[in-house]
Amino acid sequence: QVQLVESGGGLVQAGGSLRLSCAASGLTFGSYTMGWFRQAPGKERDFVATITWSGGSTFYSDSVKGRFTCSRDNAKNTVYLQMNSLKPEDTAVYYCAAVFRGRVGANTSPDKYDYWGQGTQVTVSS
């Protein structure tokens with residue numbers, strides 16, 4: 001069974017940092033582009049970041065560029081999202097997603113992804 005399990009969320013003060021992890025199983029991890037999305041209460045699910053299957057390219061939304069860094073460890077079947085300089089508007093449930101050999105810049109919409117995790121809550125206090 002394909003499973004994506006996010007972890008690392010929590011409560012942090014504005015300006016602080018969190019590192020999210022997404023552990024994948026049931027798929028050939030190195031063949032999938034991974035994405036991070038977030039959804040705040042009453043809002044649609046928005047793109048955050050993507051990383052290609054090799055980890056060679058990343059793409060970020062304008063709202064997080066320069067603050068967040070996406071990386072992956074294919075040996076551990078895990079993708080990470082390092083979040084620095086967090087702001088209250090970053091508060092959301094964060095989801096990881098996988099799409100088979102997607103291309104950076106072309107997979108910023110949730111409907112392009114095949115598999116999803118259950119999400120992890122990130123709350124940034126002011």
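L27 approaches A98 most closely through the heavy-atom pair CD2-CB, 4.4 Å. When all heavy atoms of A24 and L4 are compared, the closest pair comes out as CB-CD2, 3.5 Å. The minimum heavy-atom distance between A49 and L81, with the atom names listed, is CB-CD1, 4.3 Å. The minimum heavy-atom distance between A92 and A40, with the atom names listed, is CB-N, 3.9 Å.
We find the CH2-OG1 distance between W36 and T50 to be 13.0 Å, quoted to the nearest 0.5 Å.
Partners of C22 by disulfide (SG to SG under 2.5 Å), not counting sequence neighbours, listed by chain and number: C96. Partners of T58 by side-chain hydrogen bond (donor to acceptor under 3.5 Å, both in side chains), not counting sequence neighbours: none found. Taking R19 as the reference, Y80, Q82 meet the side-chain contact (heavy atoms from CB on, under 4.5 Å) condition, with sequence neighbours excluded. Partners of F47 by ring pair (Phe, Tyr, Trp, His ring centres under 6.0 Å), not counting sequence neighbours, listed by chain and number: F37, F59.
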Report all side-chain donor-acceptor pairs from residues 71-79 shorter than 3.5 Å, counting only partners two or more places apart or in another chain.
unit_1: R72; atom_1: NE; unit_2: N74; atom_2: OD1; d: 2.8
unit_1: R72; atom_1: NH1; unit_2: Y32; atom_2: O; d: 2.8
unit_1: R72; atom_1: NH1; unit_2: T52; atom_2: O; d: 2.7
unit_1: R72; atom_1: NH2; unit_2: F29; atom_2: O; d: 2.8
unit_1: R72; atom_1: NH2; unit_2: Y32; atom_2: O; d: 3.0
unit_1: D73; atom_1: OD1; unit_2: A75; atom_2: N; d: 3.1
unit_1: D73; atom_1: OD1; unit_2: K76; atom_2: N; d: 3.4
unit_1: N74; atom_1: ND2; unit_2: W53; atom_2: O; d: 3.2
unit_1: N77; atom_1: ND2; unit_2: N74; atom_2: O; d: 2.9
unit_1: T78; atom_1: OG1; unit_2: K76; atom_2: O; d: 2.8

Anything under 3.5 Å between a donor and an acceptor, one on a side chain of residues 105-117, the other on a protein residue two or more places apart or in another chain? List them.
unit_1: N107; atom_1: ND2; unit_2: R103; atom_2: O; d: 3.0
unit_1: Y113; atom_1: OH; unit_2: N107; atom_2: O; d: 2.7

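Looking at heavy atoms from C-beta onward, V12 lies out of side-chain contact with M83 at the 4.5 angstrom threshold.
The same ILVMFWY cluster, assembled from side-chain heavy atoms under 4.5 Å apart, contains both I51 and F100.
Applying the disulfide (SG to SG under 2.5 Å) test to residues at least two apart or on different chains, none of the pairs has a partner in residues 45-87. Among residues at least two apart or in separate chains, salt bridge (charged side-chain N to carboxylate O under 4.0 Å, His left out) pairs with a member in residues 57-66 are D62-K65. Among residues at least two apart or in separate chains, there is no salt bridge (charged side-chain N to carboxylate O under 4.0 Å, His left out) pair with a member in residues 43-58. Applying the side chain to side chain donor-acceptor pair (under 3.5 Å) test to residues at least two apart or on different chains, the pairs with a partner in residues 117-126 are Q121-T123. Among pairs with a residue in residues 86-96, those fulfilling side chain to side chain donor-acceptor pair (under 3.5 Å) read R38-D90, R38-Y94, R67-D90, at least two apart in sequence or across chains.
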